[in-house]
Every structure is written in structure tokens, then in C-alpha cells.
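Atoms considered below: every heavy atom in the structure, side chains included; atoms not considered: hydrogens, waters and symmetry mates. In what follows, every chain begins at residue 1, and chains take the letters A, B, ... in the order their sequences are listed.
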Amino acid sequence: MKQEVIVRFPPSPTGYLHIGGARTAIFNWLFAQKTGGKLILRIEDTDAERSSEESIQGIIESLKWLGITWDEGPYFQSQFISDHLAAAQKLLESGHAYKCFCTKEELDRKRDQARQRKTALQYDGTCRHLSPEEVAEKEAAGMPYTIRLKVPRGEGFVSFEDIVYGIIEKKYEDIEDFVMVRSNGQPLYVLSNAVDDIRDRVTHVIRGQDGLANTPKQILIYKALGAPVPRFAHMSLTLDPKKAKISKRTHGERVAVHFYKERGFLPWAFVNYLALLGWSTPDSREIFSKDELIEAFSLEGISRANAIFDVRKNDPKFFTDPKAISINTHYLRTLPVEEIEPYVRKQLEKTQIWDPEFEAIKRDWFLRTIDLIRTRYHVTTDFGTLGRAYFSDDYPIEPKALKKNVLKHEGLKVWFPILADRLQGMDTFSVEEAEKVIREMADELGIKAGILINAIRTAVTGQPKGPGLFDVLITVGQRRVVERLRKAVTFFKLH
RNA sequence: GUCCCCAUCGUCUAGUCUGGCCCAGGACACCGGCCUUUCACGCCGGCAGCACCGGUUCAAAUCCGGUUGGGGACGCCA
């Protein structure tokens with residue numbers, strides 16, 4: 001029988017979930033879904049200094065928003081410290097590890113020297129050769145010690161086949177006797193992570209390429225512990241346009257998952273975009289439904305070269321990677337209206353123009369309206385801003401539009417009231433009839449219909465652009481259109 | 001300084017393993033056109049790339065070597 005796949009996503013709760021972490025989570029999740037395996041969520045909170053409950057909640061919330069589901073956990077690494085220490089003890093007893101009494105100061109000094117002499121910065125193995133008597137003596141004297149792994153010496157090397165990068169070999173001589181347990185008795189990541197993966201029976205470690213360098217060390221731990229070594233798949237990193245690693249510190253909220261939630265991204269659109277950062281199919285396909293993505297996913301499709309997340313600061317047109325926006329736009333326009341309805345509702349609530357009737361008696365109208373205006377929107381927040389006039393009578397008039405489409409034509413002072421009268425007098429307020437009325441009036445006045453059309457659009461929606469005007473009129477409704485046109489005369493008085 | 005990884009349009013990428021179908025395909029962005037009452041959508045067209053040098057070969061984006069460039073790791077952080 002084939003062994004069940006078990007993967008894990010182990011965030012350290014030292015801040016919000018950023019796109020790099022999200023990408024790692026997504027790839028693990030996709031792989032678990034694809035193989036029918038399990039995804040474990042494990043919070044690596046052993047750095048008590050920097051970990052916070054708030055971060056844990058934030059990360060979980062972001063994962064949920066993205067739609068990532070896990071089968072076990074969240075587990076908390078801090079609850080398994082005794083496991084990590086027991087493993088260290090076992091390694092000590094089996095002769096795979098040793099106690100090191102070198103002080104931090106000594107080591108720092110040696111590292112500095114090495115830096116100056118421009119030689120390798122490895123630990124020199126001073127305590128590796130201590131006799132049992134010497135060790136006992138130092139211990140009796142109460143000297144604190146760290147526990148280091150006794151890396152095999154000589155010609156050999158650690159070798160493993162990374163699913164993404166292929167065969168990786170690292171010579172023993174290039175691996176120092178690294179510390180696994182601090183002198184204060186606390187285990188270090190390299191140990192804890194491996195021990196947890198062994199206990200959780202993780203079969204595939206899918207993580208960022210920055211973990212590639214300590215993989216040989218962890219493999220040494222697995223072997224020394226007599227545990228089966230999992231498969232590794234390292235993913236290329238996500239860089240910013242300057243090719244620097246994405247970090248919370250330099251990029252702030254813009255790389256946080258919650259930022260995209262707040263800025264009106266559809267969660268699946270964001271997952272779709274993130275999946276495409278450093279992963280692709282042979283046909284370069286771009287849009288995938290959830291089922292399609294799971295079906296198409298494979299670790300072999302992960303690219304080795306780092307990808308750039310094209311974040312834009314101070315770009316008037318794109319507040320983030322244009323590709324991310326375009327994918328979001330695609331979904332916004334093509335998904336069944338019912339699927340984006342909840343997001344629109346949320347935006348209307350946020351901007352305080354939600355009307356409970358939109359989900360009751362006016363629901364059909366609500367859906368039709370969303371459908372009418374969505375083709376020119378990019379994010380769901382647009383419904384509460386650019387689309388405000390469709391849902392509320394309290395909407396702003398864009399100054400540029402006002403100037404260009406209304407104030408430029410003095411005649412509108414008298415045309416608006418006439419228009420209002422005529423539209424009010426219509427028995428059947430239909431697209432065709434409304435168009436007829438407006439075009440006839442333009443003919444009478446001897447002006448281009450466009451002048452009236454654009455002026456009306458501006459007055460009725462506050463926007464210089466939007467759907468075909470006659471559709472807009474029907475959507476907004478006869479009564480409200482008439483009211484807005486009557487009110488429009490005041491635009492001139494204010495200027 | 002040591003070790004490791006990577007290198008196709010501005011960006012995401014296909015093609016690289018298994019050389020020829022690639023004077024390199026798609027998408028986003030950008031530019032132009034059509035449509036049009038506006039803005040979009042849609043459609044049509046355009047701009048733009050195999051980092052460089054050498055080798056192997058009848059043939060190289062693809063294989064080999066080197067150079068350059070970029071990234072990562074080298075913590076008693078995770």
C-alpha cells in the first residue's frame with residue numbers, strides 16, 4: 001500500500017501572514033489535496049520573545065480567508081519541547097552529539113577573527129574531543145553547555161534529491177558541528193523542526209528555498225535518530241522588484257495577505273495569482289478553478305528561479321502587481337453574480353450604504369446592478385466607491401466629470417429641468433423609450449446627444465464613465481433619476 | 001570569506017531533462033486600431049526576450065566549460 005502523504009505548514013507567529021508564507025501554505029495545501037494526503041498546521045512558537053497570540057490569530061484568519069483547509073492542528077511547537085530535548089539526549093547517548101562548553105563570547109571572537117582572515121566561519125570543534133573526564137569536570141563546575149551534532153568527518157557528503165532542485169550534495173567538511181540545544185536548555189529550530197516532522201510523520205517537506213541550506217543538517221539529524229528521511233521540495237523565493245527578499249519589515253502591509261482582503265481581492269483570485277508565482281503548467285494556463293488547480297498541480301511544475309512580486313509603491317494606476325489585479329478583475333467579471341454578491345454586500349456595509357432590501361425584495365435588482373457595473377471594476381471595494389450612486393442617494397460628484405460634462409455647458413441649467421420633466425412624464429420607463437426621449441431632445445436643441453448623455457451620467461452617477469447611459473437610467477430608476485436631475489441645477493449655483 | 005542555488009520579453013512564464021517542428025509561444029503591462037454617448041468589455045494589430053564568451057554538433061534557448069549578474073545560507077532566530 002502506498003504511504004499516505006503528510007505535509008505541514010509551520011509558520012512562526014511573529015507577525016501577519018505575508019505572501020511568501022501564503023505561497024508556501026498554498027503549495028502544501030495543493031499537494032495534500034492533489035494526493036489525498038493530510039496538511040498539518042503547526043505553529044512554531046518557540047521564540048517566546050517574538051511570538052504573539054495576535055499573530056497566531058491573524059495567520060489563521062488569513063489562511064481561512066484564502067480558503068486553505070488543514071486536517072490536523074493547529075499544533076504548537078512549544079508544547080513539544082520535551083520531545084526535542086529527549087531527542088537531543090538520545091543523540092548524546094548514542095554518541096551522535098556532544099556537549100560544548102564554549103561561551104558565546106569565545107565563539108563570537110573566533111567568528112570575527114575568521115571574518116578578518118577571510119576564512120570559513122565554521123565552529124572549530126574545540127569541545128568535540130573533550131574526554132569524558134573533562135566533560136564531567138566542567139559539568140561539575142556548573143559550566144553551561146550547548147549540545148552540538150557530531151557531524152561525520154572525512155571524505156563523505158550528505159546527499160538528497162530535492163523534487164524541485166534535483167540532487168543536492170553537501171560535503172561533510174562544509175557542515176559545522178551545529179548547535180541543537182542552547183546553553184539555557186532550549187532546543188533550536190533545526191532540531192525542533194526535524195523532531196516535530198518525525199513525530200508528525202511528515203512525508204514531504206515543501207518550503208522556501210532559504211531552507212535548502214539547512215536541509216543537509218536536518219537529514220543528519222534524521223539519520224542519527226534512525227528516522228526515515230522525508231522528501232524535500234524547495235520552492236523558489238519571492239523577491240521584490242529590486243530583487244530583495246520580500247519582508248514585512250521593508251514592505252509593510254502591502255505584502256500582507258490581509259491587505260489584499262481589505263483592498264477588495266476575491267480570495268480565490270489571490271490564491272490563483274500566488275499559485276502562478278513560481279509555478280506553471282506546460283500550457284502556461286492562467287485561470288484555474290479550485291478543482292482545476294488541484295488537478296493540475298504538481299511539485300515538478302515549481303520553477304527554480306526566483307520570481308518577482310511586482311509590488312508598486314506610489315503607482316497611481318496599480319496599487320499592487322498588475323497581474324494580480326488582472327486576475328482578480330477576471331474573476332470579478334466572469335464569476336456567477338451570486339458568488340460575488342456577498343463581497344459586494346460587505347463593501348456596502350463597510351461604506352454604510354447597505355440596505356437589507358437588497359437581499360430581500362430588491363435582490364433581483366441588486367444582482368442585475370452588480371452585473372451591469374462590474375465589467376469596469378477591478379476590486380470589490382469599487383462597488384462601495386465608484387458604484388456608490390447605484391446603491392445610495394448620497395454620492396459624491398467627481399469634480400473632473402462635473403467640470404467637463406456639466407459646467408462646460410451653461411445650457412444644462414435649463415435643460416436639466418426639462419429633461420427631468422420629460423423623463424418623469426414617461427409611462428413606460430424602458431431603455432428604448434428613455435433613449436428616444438433624450439435623443440429627440442438633443443435634436444430639438446440642435447446639439448449632439450453625447451452632451452446630454454454625458455451630463456446626465458455625471459449627474460446621476462457622479463462618474464465620468466460607466467455603463468451605457470440608458471441602462472444606467474433604468475437601473476437607477478425613474479423616480480431617482482428625475483430627483484437627481486432636478487437637483488443637478490444646483491451644481492451651477494455652487495460654482 | 002566559505003558553501004549552495006539560479007539566469008528566456010518590463011513582470012509571470014512555455015520551451016531546457018529527451019538538441020532540429022523555436023529567426024522562441026502565451027499572459028499581464030504598454031502602444032495603435034475597430035466598436036462606441038463615456039469608460040470598460042470584446043476583437044484586430046504592434047512593441048519587447050534566450051546575460052556574455054568559448055566549445056561540442058550538419059544543427060544549441062536547449063549539451064559542456066568559463067565569465068558576469070542575481071539570490072540564499074553560513075546565529076546559543078524561526
Side-chain angles (χ1 to χ4, degrees), chain A residues 10-14 44-47 49-51 77 100 102-104 107-108 111 114-122 144-148 162 165-166 168-171 173-176 178-186 188-190 192-193 208-216 234 236-237 239 241 243-245 273 276-287 303-310 317-318 321-327 329 333 373-378 401 404-405 435 438-439 442 448-458 463-470:
Chain A
S12 63
T14 55
E44 305 218 323
D45 59 345
T46 45
D47 185 345
E49 282 286 302
R50 298 194 299 152
S51 295
Q77 187 165 63
C100 171
C102 297
T103 63
K104 195 158 187 341
L107 296 173
D108 284 345
R111 241 194 306 272
R115 241 186 269 276
Q116 275 169 23
R117 283 201 310 262
K118 304 212 180 278
T119 54
L121 309 174
Q122 281 195 23
Y145 60 86
T146 60
I147 299 176
R148 289 181 185 270
D162 189 272
Y165 287 96
I168 306 276
E169 289 176 348
K170 181 94 169 172
K171 294 200 214 70
E173 64 184 59
D174 290 327
I175 308 173
E176 68 171 350
F178 56 92
V179 177
M180 296 183 292
V181 180
R182 295 185 244 205
S183 55
N184 67 4
Q186 291 297 307
L188 253 6
Y189 166 80
V190 69
S192 302
N193 185 260
Q209 195 234 73
D210 44 355
L212 199 55
N214 64 36
T215 301
H234 286 90
S236 50
L237 263 20
L239 272 25
K243 302 212 170 178
K245 203 173 155 186
Y273 163 74
L276 256 23
L277 254 193
W279 174 83
S280 60
T281 53
D283 58 0
S284 297
R285 185 171 166 194
E286 315 238 77
I287 300 293
S303 71
R304 286 173 285 275
N306 293 336
I308 291 172
F309 175 57
D310 200 5
K317 196 162 177 196
F318 300 103
D321 191 318
K323 188 111 189 186
I325 294 178
S326 88
I327 289 178
T329 303
R333 287 171 189 170
I373 61 183
R374 67 172 168 168
T375 56
R376 49 223 92 201
Y377 292 169
H378 298 95
K404 184 176 160 222
N405 295 335
E435 175 159 11
I438 289 166
R439 287 197 188 280
K448 284 200 288 188
I451 293 176
L452 291 184
I453 288 169
N454 288 328
I456 296 170
R457 174 180 293 106
T458 300
Q463 295 285 318
K465 48 194 184 180
L469 179 75
F470 310 110

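Note: A:Thr215 OG1 to A:Ile168 CD1 = 8.5 Å, rounded to the nearest 0.5 Å. A distance of 11.0 Å separates CZ of A:Arg376 from NE2 of A:His378, quoted to the nearest 0.5 Å. To the nearest 0.5 angstrom, A:Gln77 atom CD is 7.0 Å from A:Asp45 atom CG. One finds the NZ atom of A:Lys104 at 11.0 Å from the OG1 atom of A:Thr146 (value rounded to the nearest 0.5 Å). The NZ atom of A:Lys245 sits 10.5 Å away from atom CG of A:Asn306, with the distance rounded to the nearest 0.5 Å. Rounding to the nearest 0.5 Å places CD of A:Glu286 at 6.0 Å from CD1 of A:Ile327.
Between the P atoms of B:G46 and B:C4, the separation comes to 46 Å (whole Å). Here the separation of B:U8 from B:U13, taken at their C1' atoms, is 9 Å to the nearest Å. Separation of the P atoms belonging to B:G25 and B:C9 is 14 Å when rounded to the nearest angstrom. Atom P of B:G20 sits at a distance of 39 Å from the matching atom of B:G32, rounded to the whole Å. Comparing B:C21 with B:G10, their P atoms are spaced 24 Å from each other, to the whole Å. For the C1' atoms, the distance from B:G72 to B:G33 is 47 Å, rounded to whole Å. Using C1' as the reference atom, B:A51 and B:C30 are 24 Å apart when rounded to the nearest Å. Comparing the C1' positions of B:A61 and B:C22 gives a spacing of 8 Å, expressed to the nearest Å.
Considering every non-hydrogen atom in both A:Leu237 and A:Gln209, the closest pair reads CD1-N, 3.3 Å. When all heavy atoms of A:Pro241 and A:Phe309 are compared, the closest pair comes out as CD-O, 3.5 Å. Closest of all the heavy-atom pairs between A:Val181 and A:Leu188 is N-CD2, 4.4 Å. When all heavy atoms of A:Arg457 and A:Pro467 are compared, the closest pair comes out as NH2-O, 3.2 Å.
Under the Watson-Crick or G-U wobble criterion, with both distances below 3.5 Å, B:C3 is paired with B:G72. Partner assigned to B:G42 is B:C34, using Watson-Crick or G-U wobble distances below 3.5 angstrom. Pair assignment for B:C52: B:G66, on the basis of Watson-Crick or G-U wobble contacts that are both within less than 3.5 Å. Nucleotide B:A60 forms a pair with no other nucleotide shown, judged by Watson-Crick or G-U wobble geometry with both contacts under 3.5 Å. Shown here, B:A27 forms a base pair with B:U11; the pair counts as Watson-Crick or G-U wobble because both key distances fall under 3.5 Å.
Taking atom CD of A:Gln463 as the reference point, atom P of B:C39 lies 14 Å away to the nearest angstrom. Atoms OH (A:Tyr165) and P (B:G72) sit 12 Å apart, rounded to a whole Å. Atom-to-atom, NZ of A:Lys170 to P of B:C3 comes out at 9 Å; the value is rounded to the nearest Å.
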Does the side-chain hydrogen bond (donor to acceptor under 3.5 Å, both in side chains) test come out yes or no for A:Tyr189 and A:Asn214, once each step is laid out? CA-CA 10 Å; A:Tyr189 166 80; A:Asn214 64 36; 5.1 Å; no
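When each of B:A29, B:U38, B:C3 is scored by its nearest atom to the side-chain atoms of A:Lys465, the top-ranked nucleotide is B:U38. Listed nucleotides B:C28, B:C3, B:C5 differ in distance to A:Pro322; the shortest reach to its side chain belongs to B:C28.
Listed by chain and residue number, A:Phe383 satisfy the ring-ring contact (aromatic ring centres under 6.0 Å, His included) test with A:Tyr377 (two or more places apart in sequence, or in another chain). Not counting sequence neighbours, the partners of A:Asn405 by the side-chain hydrogen bond (donor to acceptor under 3.5 Å, both in side chains) test are A:Thr458.
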Report, as a single string ordered 5' to 3', how protein heavy atoms within less than 4.0 Å touch nucleotides 73-78 of chain B: B base, S sugar-phosphate only, - not at all. SBSBBB
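A 6.0 Å sphere centred on CZ of A:Arg304 holds no more than 12 heavy atoms belonging to other residues, nucleotides or ligands.
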Which protein N or O atoms sit under 3.5 Å from an N or O of nucleotides 11-19 of chain B?
residue: B:C12; atom: OP1; partner: A:Ile308; partner atom: N; Å: 2.6
residue: B:C12; atom: O2'; partner: A:Leu276; partner atom: O; Å: 2.9
residue: B:U13; atom: OP1; partner: A:Gly278; partner atom: N; Å: 2.4
residue: B:U13; atom: O3'; partner: A:Ser280; partner atom: OG; Å: 2.8
residue: B:A14; atom: OP1; partner: A:Ser280; partner atom: OG; Å: 2.7
residue: B:A14; atom: O4'; partner: A:Ser284; partner atom: OG; Å: 3.0
residue: B:A14; atom: O2'; partner: A:Pro282; partner atom: O; Å: 2.7

Report, one pair per line, the protein and nucleotides 40-50 of chain B atoms (nitrogen or oxygen only) whose separation is under 3.5 Å.
residue: B:A40; atom: O2'; partner: A:Thr375; partner atom: O; Å: 2.8

Can you pull every protein N or O that's under 3.5 Å from an N or O on nucleotides 31-37 of chain B?
residue: B:U37; atom: O2; partner: A:Arg457; partner atom: NH2; Å: 3.1

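A side-chain donor-acceptor contact under 3.5 Å links A:Gln122 to the backbone of A:Asp174.
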